[in-house]
2 protein chains.
Amino acid sequence: MSDLDEVRTQLRTAILRGSYAPRQRLIETELAEQYGASRFVIRNALIQLAADGLVELQPNRGARVREISVAEAVEITEIRQAVEGLVARRAAELVTDQQIAELRELGARMEAAVAQGELLRYSELNGVLHSRVREIAGHATASRIIEQLNGQMVRHQFQLSLLPGRPTVSLPEHLAIVDAVCARDPEGAERAMRAHVGSVVGTLATLDTSGHLAK
Amino acid sequence: MSDLDEVRTQLRTAILRGSYAPRQRLIETELAEQYGASRFVIRNALIQLAADGLVELQPNRGARVREISVAEAVEITEIRQAVEGLVARRAAELVTDQQIAELRELGARMEAAVAQGELLRYSELNGVLHSRVREIAGHATASRIIEQLNGQMVRHQFQLSLLPGRPTVSLPEHLAIVDAVCARDPEGAERAMRAHVGSVVGTLATLDTSGHLAK
DNA sequence: GGCGGCAATATTGTCAACAATCTTGCTGAC
DNA sequence: GTCAGCAAGATTGTTGACAATATTGCCGCC
C-alpha cells in the first residue's frame with residue numbers, strides 16, 4: 001500500500017470533517033509536515049482531491065479548500081434529483097425479496113429514530129438508505145457520480161438534517177421511496193425519489209441568504 | 001503557462017483521438033520522451049486524466065488507457081439522459097430571443113447537413129447543439145458532469161454517428177428539442193431531450209455483441 | 001498620508017537520482 | 001516436460017534540492 005492513498009484519504013476526511021476552513025490555503029510544505037509525507041505525495045493527493053471537487057487548484061498559486069455556495073449546493077442537489085430518480089427506478093426493477101425485507105427494516109428503524117428524536121441516528125440511516133438503493137440498482141456510473149457530488153456537499157447535508165422540523169417532512173418521503181421500491185413500482189419509485197430530493201432542493205433554496213444555517 | 005497543462009491536454013487529445021489503443025500500457029518514460037517532458041510532469045498529467053476517467057491507474061503497475069465497454073457506455077448515456085433532460089428543461093425556461101434565433105439557425109444547418117449527406121458535419125453540429133443548450137441553461141454543475149461523461153465516450157459517440165440510418169432517426173429528435181426550447185416549453189424540452197438520448201441508449205444497446213461497430 | 005515600485009520571503013513547479021516493486025525469462029530439480 | 005524458485009531487467013514510487021513564480025512588507029516619492 002503506497003503512502004499516496006493513505007495520505008489522500010486522510011486529507012479527504014480532514015477536509016470533510018471541516019478541519020480546514022473553506023477558502024483556506026492548503027500549503028504543501030505545511031501539509032507535508034502535518035502528515036509526515038513528502039511534498040510529492042501531498043501534491044498528488046491534492047490533484048486527486050481537486051478532481052473530486054474538494055479543493056481548488058490554481059497554477060502557481062496553490063490549493064484552497066473549495067467553498068460550496070448555497071447556489072452550488074442547489075445545483076448539485078438538482079443533479080442528484082435527476083440521477084437518483086433513475087437509480088430508484090432501476091432499483092425497483094431489480095430488487096430481490098431479501099433486499100425488500102432489508103429495506104423495510106431500514107424504514108422501520110428510521111421511523112423509530114425520528115420518534116425518539118435521535119436526529120444524528122436518523123441522518124445516518126438516511127445516508128444508508130440512499131446508498132442501499134444505489135447498491136440495489138447496480139448502476140456503477142450513477143453511484144460514482146452521486147458519491148462524488150455527496151463528497152462536495154457533506155457540510156450542507158449535515159446542517160440540513162439538523163434543521164428543526166426537517167425530519168417530519170423527510171421521513172414520509174423516505175418511507176414512500178421504500179414502499180415504491182418494495183412494490184417493484186419503477187414509475188412510483190422514480191417519482192418518490194424525485195419528490196424527496198426536490199424537497200431537499202426547496203429547503204436548501206430557503207437558506208439563500210446563508211449565514212443563519214450554522215449551529 | 002506551465003508545462004503540465006500543456007502536456008495534459010496533449011495527452012488527453014491523443015487518447016481521445018485514439019492514438020493509444022484501449023488497455024494499452026502508458027509507460028511514463030516513453031511518454032516523457034515522446035512529449036519532451038520529464039516523468040514528473042507526465043505522472044501528474046496521468047493522475048489528472050485518471051480523475052477524468054480516461055486512464056486507469058493501478059498502484060505500482062502503471063497507467064493504461066481505460067477501456068469503456070458497451071455496457072459502461074450505456075450506463076454513461078443513461079446518466080446523460082437524466083441530466084440533459086434537466087438541462088433542456090432549464091434552457092427552455094431561460095432562453096432569450098437572440099438564443100432562440102441562434103438555435104433555429106443551428107437546426108436548419110443540421111437539416112442541411114443531413115440532406116447533403118455530410119455526416120461528419122452533422123456529427124459536429126450535434127455536439128454544438130447539445131453544448132449550446134447547456135450554455136443556455138447556465139447550470140455549471142450539470143455542464144461539468146456531462147462534459148466529463150462525454151470525454152469518456154468520445155470513441156463510441158463517433159462510431160455511433162456514422163451508423164447508416166442513424167441521422168434519419170436522430171435529426172427529427174434534435175429538431176424536436178430545438179422546437180420545444182424555442183417554444184419556451186420546459187416539459188416538452190425535457191421530454192424531447194430524454195426521448196433523444198433514450199434513442200441513443202437503445203442504439204448503443206444493439207451493439208452489445210461489440211466488435212462490428214468499428215470501421 | 002497614500003501610492004508605485006522594489007527587495008525579501010514564501011510557495012509552487014520541475015528535475016535528476018535513487019529505492020521499491022513488479023515482470024520476465026532462465027535454471028535446475030523432479 | 002513441467003513447475004518452483006531465483007535473478008536480471010523494466011517500471012513505478014519517493015526523495016531532496018534547485019528554479020520559477022507569486023506574495024508581502026518596506027522604502028521613497030509625490
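Residue numbers begin at 1 in each chain, while the letters A, B, ... track the order of the sequences.
- Rounded to an integer number of Å, the gap from A/Ile42 CD1 to C/dT12 P is 11 Å.
- Regarding B/Arg61, its CZ atom lies at a distance of 19 Å from the P atom of D/dA10, rounded to whole Å.
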Exercise. Could you please spell out the steps behind the salt bridge (Lys or Arg N to Asp or Glu O under 4.0 Å) verdict for B/Glu56 and B/Arg64?
Key: CA-CA 5 Å; B/Glu56 210 169 0; B/Arg64 315 180 94 87; 5.8 Å; no

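- Computed from coordinates, the B/Arg43 CZ to D/dT11 P distance equals 14 Å when rounded to whole Å.
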| said: With salt bridge (Lys or Arg N to Asp or Glu O under 4.0 Å) as the criterion, how do B/Glu75 and A/Arg144 come out once you've worked through the C-alpha distance, each side chain's angles and the decisive distance to 0.1 Å? | reply: CA-CA 11 Å; B/Glu75 279 199 0; A/Arg144 210 176 53 235; over 6 Å; no

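- Summarising the geometry, the separation between CG on A/Leu46 and P on C/dT12 is reported as 9 Å, rounded to the nearest angstrom.
- By the 6.0 Å contact criterion, CD on A/Glu33 is open, its count of non-hydrogen atoms from other residues, nucleotides or ligands being 12 or less.
- Note: A/Gln152 CD to A/Ile76 CD1 = 4.5 Å, rounded to the nearest 0.5 Å.
- In this structure, B/Arg39 atom CZ and C/dC18 atom C1' are separated by 11 Å, rounded to whole Å.
- Only at 4.0 angstrom or more do the heavy atoms of residues 21-30 of chain A sit from any atom of DNA chain D, so none qualifies.
- Side chains of B/Arg166 and B/Ser199: a donor-acceptor N/O pair is present below 3.5 angstrom, by distance only.
- In this entry the distance linking CG of A/Asn60 with P of D/dA19 reads 17 Å, nearest Å.
- Looking only at side-chain heavy atoms (C-beta outward), B/Leu54 and B/Val65 stay at 4.5 Å or farther from each other.
- Of all nucleotides listed (D/dT14, C/dT14, D/dG13), C/dT14 comes nearest to the side chain of B/Phe40.
- In this structure, CD of A/Gln58 is placed 17 Å from P of D/dT21, rounded to the nearest angstrom.
- For the pair B/Tyr35 OH and C/dT14 P, the computed distance is 17 Å after rounding to whole Å.
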